[in-house]
Amino acid sequence: MINTDDFDLELVKLASELKLRNVKCALLQFPEGLLRYAFKVASFLEEKTGASIIISADPCWGACDLADSEAKSLGADVLVHFGHAPWPIKTKVPTLFIEAKYTKSVMQDVVRAVEELGIKALILASTVQHSWELPLLRKLLEEKGVKVVLERKSRRAPYPGQVLGCDFSNVTSPNVDTVLFIGGGFFHAVGISMFTGKRVFSFDPYTGSVHDVAPIVKKLLLERYAHISQAKHAKNFGVIVSMKPGQKRLELAKYVRNILLDAGKSAYMLAMRDVTPDHILNFSSVEALVVTACPRIAIEDACRFSIPILTPEELEVVLGRKRWEDLYPSVDFSS
């Protein structure tokens, strides 16, 4: 078995499944954090199954970003998608999801961090890699006298406490104001704070560090406020509809265009797979963009664009259909 540094890639089970399905060709898709294992995984599967293995080298941002069209185009019998839980969408080829659970326990470190922070009540959250440990962690924390909320409300995030970059339903309990997120980086923790208004501490299981994400969130929200303010002066809008299967929201794009037209604006729908500044250079008359794909594109990549880039909800603030406070709760710019 290859060394995958504490991530369970289920390779023996996967090889058996490929052989059972008599797979002749498989396309492997990895998020950036797991791409370093791609060559070793491909070699292992080819040796054990005799199948031809192709690795997708395109960026992958979630289970909503499946390379199933590419798999079909390449003649692959299956797509093997690593690092995310199954997404509720019909795929063009059979798709196997390998969640890549983190096998090293972080419970004791998390309990210690909660005690040091003096938290008495919290909502537990994580990515799929760590969600398996949350029920055990809840028990340990409750034994220490901490009130713990661990829920599943989401249709797209199948595990209690699991969050996605676009779905924080599992951490919206109204009775607790603090969230402890377990996972690498700040992407998900920042999203939780922005869209729930709760105080969020991020515990990085790979470094053992703990951060209050409030300063990062405040900076991002100030940027969002600036983009919304600038977009109020725009007359020509581009409405981006994604060609990624899990992000293609054509009806939403049509709705966005219609409310822009009703407001006396000019609006055109632009279809693209990857939303980058280079893709809109030729549309020089566009003064602002509305992205109906992943909502985090506008939020995380805004600094890369020379014009305002908005989510559909932010556009409704621009047009006076919603208030800022309805979109980003409990935001205080006074301090």
Side-chain angles (χ1 to χ4, degrees), residues 4-8 31-34 83-85 99-154 157-165 167-221 296 299-300 329-332 335:
T4 55
D5 298 339
D6 299 319
F7 290 99
D8 181 9
E32 184 175 330
L34 296 176
H84 302 100
E99 296 175 355
K101 293 178 180 178
Y102 188 62
T103 58
K104 183 179 178 181
S105 176
V106 299
M107 287 193 296
Q108 295 300 331
D109 291 337
V110 172
V111 170
R112 189 179 307 111
V114 170
E115 290 178 329
E116 291 175 356
L117 291 167
I119 301 174
K120 300 301 180 183
L122 58 80
I123 303 170
L124 280 177
S126 74
T127 58
V128 69
Q129 277 71 44
H130 309 281
S131 59
W132 67 272
E133 202 166 24
L134 295 187
L136 304 173
L137 180 56
R138 175 178 61 181
K139 182 178 179 182
L140 274 182
L141 289 170
E142 288 176 341
E143 290 173 354
K144 297 286 185 177
V146 180
K147 178 182 177 181
V148 178
V149 176
L150 181 62
E151 298 178 322
R152 187 203 170 188
K153 300 177 180 178
S154 171
Y159 300 107
Q162 182 194 354
V163 294
L164 307 174
D167 191 336
F168 308 102
S169 306
N170 289 342
V171 293
T172 55
S173 175
N175 301 318
V176 178
D177 295 326
T178 300
V179 177
L180 179 68
F181 170 79
I182 301 170
F186 297 116
F187 177 80
H188 294 89
V190 165
I192 295 170
S193 180
M194 288 183 70
F195 290 100
T196 68
K198 298 182 184 296
R199 187 178 189 187
V200 180
F201 291 96
S202 178
F203 176 86
D204 190 323
Y206 315 116
T207 65
S209 59
V210 183
H211 296 274
D212 184 341
V213 302
I216 303 173
V217 171
K218 183 174 181 178
K219 180 177 182 294
L220 279 175
L221 287 176
R296 303 300 293 276
I299 295 167
E300 303 292 331
S330 305
V331 178
D332 180 10
S335 59

Novice: I need the Asp109 CG to Thr207 OG1 distance, nearest 0.5 Å.
Specialist: 10.0 Å
Novice: Take a 6.0 Å sphere around CD of Glu143 and say whether it holds more than 12 heavy atoms from other residues, nucleotides or ligands.
Specialist: yes
Novice: Which atoms form the tightest heavy-atom contact between Ala125 and Val171, and what is the distance?
Specialist: CB-CG1, 3.5 Å
Novice: Kindly compute the distance separating CZ (Phe186) from NE2 (His211), expressed to the nearest 0.5 Å.
Specialist: 4.5 Å
Novice: For Leu117, what residues pass the side chain to side chain contact (heavy atoms under 4.5 Å, CB included) criterion, not counting sequence neighbours?
Specialist: Ile119, Phe201, Val210
Novice: Can you tell me how the ring of Tyr206 sits relative to the ring of Phe7, calling it parallel under 30°, perpendicular over 60° and tilted otherwise?
Specialist: tilted
Novice: Would you please test Glu115 and Val111 for side-chain contact (heavy atoms from CB on, under 4.5 Å) and show each step?
Specialist: CA-CA 6 Å; Glu115 290 178 329; Val111 170; 4.2 Å; yes
Novice: CD/Gln162 to CD/Gln129 distance, rounded to the nearest 0.5 angstrom?
Specialist: 9.0 Å
Novice: Just do the side chain to side chain donor-acceptor pair (under 3.5 Å) check on Glu133 and Ser105 with the steps written out, would you?
Specialist: CA-CA 8 Å; Glu133 202 166 24; Ser105 176; 2.4 Å; yes
Novice: What distance do Leu122 atom CG and Ser173 atom OG have between them, rounded to the nearest 0.5 Å?
Specialist: 11.0 Å
Novice: What are the two closest non-hydrogen atoms of Ile182 and His130, and how far apart are they?
Specialist: O-CD2, 3.8 Å
Novice: Shortest non-hydrogen contact from Phe203 to Gly208?
Specialist: CE1-O, 3.8 Å
Novice: Roughly how far, to the nearest 0.5 Å, is CZ of Phe195 from CG of Asp167?
Specialist: 11.0 Å
Novice: Which pair of heavy atoms, one from Val190 and one from Ile216, lies closest together, and at what distance?
Specialist: CG2-CG2, 3.7 Å
Novice: Take Arg138 and Leu141 through the side-chain contact (heavy atoms from CB on, under 4.5 Å) test and state the conclusion after the steps.
Specialist: CA-CA 5 Å; Arg138 175 178 61 181; Leu141 289 170; 5.9 Å; no
Novice: Search all heavy atoms of Gly184 against all heavy atoms of Pro205 and return the closest pair with its distance.
Specialist: N-CD, 4.0 Å
Novice: Quick one: which residue pairs count as a salt bridge (Lys or Arg N to Asp or Glu O under 4.0 Å) with a foot in residues 176-187, not counting sequence neighbours?
Specialist: none
Novice: Roughly how far, to the nearest 0.5 Å, is OG of Ser126 from CG of Leu180?
Specialist: 10.0 Å
Novice: So, using side chain to side chain contact (heavy atoms under 4.5 Å, CB included) as the criterion, who are the partners of Lys153 when residues are at least two apart?
Specialist: Glu151, Ser169, Asn170, Thr172
Novice: Give the C-alpha distance, both sets of side-chain angles, the deciding distance and a yes or no for side-chain contact (heavy atoms from CB on, under 4.5 Å) between Phe168 and Lys198.
Specialist: CA-CA 11 Å; Phe168 308 102; Lys198 298 182 184 296; over 6 Å; no
Novice: Verify side-chain contact (heavy atoms from CB on, under 4.5 Å) between Asp212 and Val200, making sure each step is shown before the conclusion.
Specialist: CA-CA 6 Å; Asp212 184 341; Val200 180; over 6 Å; no
Novice: Could you tell me which non-hydrogen atom of Ala100 sits nearest to which non-hydrogen atom of Leu34, and how far apart they are?
Specialist: CB-CD1, 3.7 Å
